Amino acid sequence: MKNVTMIAAVGKNLELGKDNKLLWHLPEDLQFFKEQTMGKPIIMGKKTLDSLPRLLPGRLHLVLTHQQLEETEQIKVFRDLDSLVEFIKELNQEVMVIGGAQVYKQMLDYSDKMILTEIDAETEADAYFPSFNKDEWEQEVLCSHEDKGIKYRHLVYQKKR
């Protein structure tokens, strides 16, 4: 689908998180995430929603879950992938997949773009971004950074036609 973008910060082994928490605290990357997702619907699982300090302002939260969750003005709940995909098609605007691991895995085939912060480090994790064939994607490096000795770079992967 032309309007599904996945966004994540990953380690060298595609590490995403541990105990439902991010592995690295990089203020510039959090600001980058905010800039990339502001004003766009964000897709997540219930555990990712629970991990947020609060609902993210300026973004509609699309939650894919089998668990009970009350819909609000800012939260729309989907019980299965098919209904979420249909909703996305009708939206006709870019949506951002923000996690967690299971949701990334389910949405990978629907995504035509990924914005990844690739962190030049390894650490213990219990959640991983799905592996993907880099030959199927065009890669563009946006910029490189370093924070407290941690080197990382922002990349855009665009699915080849």
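All residue numbers in this chain count up from 1 along the given sequence. These numbers come from the heavy atoms of this one structure, side chains and all, not from hydrogens, waters or symmetry mates. Since the structure is predicted, the reported quantities are computational estimates derived from the model, not experimental observations.
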So how far is it from Lys12 NZ to Glu15 CD, rounded to the nearest 0.5 Å? 9.5 Å
Can you tell me if Asn20 and Ser51 form a side-chain donor-acceptor pair at under 3.5 Å? no
Any side-chain heavy atom of Asp29 within less than 4.5 Å of one from His154? yes
Looking at Glu118 and Arg153, is any side-chain nitrogen of the basic one under 4.0 Å from a carboxylate oxygen of the acidic one? yes
Phe78 backbone acceptor or donor facing Ser83 side chain under 3.5 Å: no
If you count every heavy atom of other residues, nucleotides or ligands that lies below 6.0 Å from Lys151 atom NZ, does the total exceed 12? no
Has Lys46 got more than 12 heavy atoms of other residues, nucleotides or ligands less than 6.0 Å from its NZ? yes
Might you work through the side chain to side chain donor-acceptor pair (under 3.5 Å) test for Glu71 and His61, ending with a clear yes or no? CA-CA 10 Å; Glu71 286 201 359; His61 297 60; over 6 Å; no
Any ion pair linking Asp112 and Arg161 (charged N to carboxylate O, less than 4.0 Å)? yes
Specify the closest pair of heavy atoms between Gly11 and Trp24, including all atoms of both residues, with the distance to one decimal. CA-CH2, 3.5 Å
Output for pair (Gln74 CD, Leu62 CG), nearest 0.5 Å, gives 11.5 Å
For Asp126 and Asp19, indicate whether the former's side chain and the latter's backbone hold a donor-acceptor pair under 3.5 Å. yes
For residues Arg59 and Met38, report the shortest heavy-atom separation together with the two atoms involved. NH2-CE, 3.5 Å
Looking only at side-chain N and O atoms, does Glu140 offer a donor or acceptor that is under 3.5 Å from a partner on Tyr157? no
Could you measure the distance from the CG atom of Leu155 to the OG atom of Ser144? Nearest 0.5 Å is fine. 8.0 Å
Are the side chains of Val4 and Val97 in touch, meaning some heavy atoms are under 4.5 Å apart? yes
Check whether any side-chain heavy atom of Thr65 lies under 4.5 Å from a side-chain heavy atom of Arg79, and answer yes or no. yes
No-hydrogen, no-angle side-chain donor-acceptor test under 3.5 Å, Asn3 and Glu94: no
Hey, what do you get for NZ (Lys113) to CD (Gln158), rounding to the nearest 0.5 Å? 6.0 Å
Heavy-atom closest pair (Leu64 atom, Gln106 atom, distance to 0.1 Å) is CD2-OE1, 3.5 Å
Which atom of Tyr128 lies closest to which atom of Leu16, heavy atoms considered: C-CD1, 3.5 Å
Assess the residue pair Glu146 and Tyr152 against the criterion (side chain to side chain contact (heavy atoms under 4.5 Å, CB included)); give the C-alpha distance rounded to whole Å, side-chain angles, the decisive distance to 0.1 Å, and a yes or no. CA-CA 6 Å; Glu146 187 168 342; Tyr152 63 98; over 6 Å; no
Carefully, step by step, assess Thr5 and Ser111 under the rule side chain to side chain contact (heavy atoms under 4.5 Å, CB included). CA-CA 6 Å; Thr5 300; Ser111 300; over 6 Å; no
ILVMFWY clustering at 4.5 Å (side-chain atoms), partners of Val77: Ile7, Phe32, Phe33, Ile42, Met44, Leu49, Leu52, Leu55, Leu56, Val63, Leu69, Ile75, Met96, Ile98, Ile115, Leu142, Val156
Take atom CD of Gln93 as the centre, draw a 6.0 Å sphere, and report whether it contains more than 12 heavy atoms from other residues, nucleotides or ligands. yes
With a sphere of 6.0 Å drawn around CD of Glu124, does it hold more than 12 non-hydrogen atoms of other residues, nucleotides or ligands? no
Considering only heavy atoms from C-beta outward, does the side chain of Met114 approach that of Phe129 to under 4.5 Å? yes
One should read off an interatomic distance between His25 NE2 and Leu30 CG, to the nearest 0.5 angstrom, of 5.5 Å
Correct closest heavy-atom pair for Val103 and Gly45 would be CG2-N, 3.5 Å
Check whether any side-chain N or O of Asp147 sits under 3.5 Å from a backbone N or O of Ile150 as a donor-acceptor pair, and report yes or no. no
Taking Leu26 as the starting point, is it possible to reach Leu22 by hopping between hydrophobic residues whose side chains are less than 4.5 Å apart? no
Pair Ile119-Leu23, side chain to side chain contact (heavy atoms under 4.5 Å, CB included): steps then yes or no: CA-CA 10 Å; Ile119 299 164; Leu23 298 172; over 6 Å; no
Polar side-chain atom of Lys40 near backbone of Gln36 as donor-acceptor pair, under 3.5 Å: yes
Test salt bridge (charged side-chain N to carboxylate O under 4.0 Å, His left out) on Lys160 and Glu138; report intermediate values, then the result. CA-CA 6 Å; Lys160 292 178 181 174; Glu138 291 176 23; over 6 Å; no
Of all heavy-atom pairs linking Lys159 and Trp137, the shortest is N-CE3, 3.3 Å
What distance separates Phe87 CZ from Asp82 CG, expressed to the nearest 0.5 Å? 15.5 Å
Given Gln31 and Glu28, is the side chain to side chain contact (heavy atoms under 4.5 Å, CB included) satisfied, shown in steps? CA-CA 5 Å; Gln31 183 62 37; Glu28 184 282 332; 5.6 Å; no
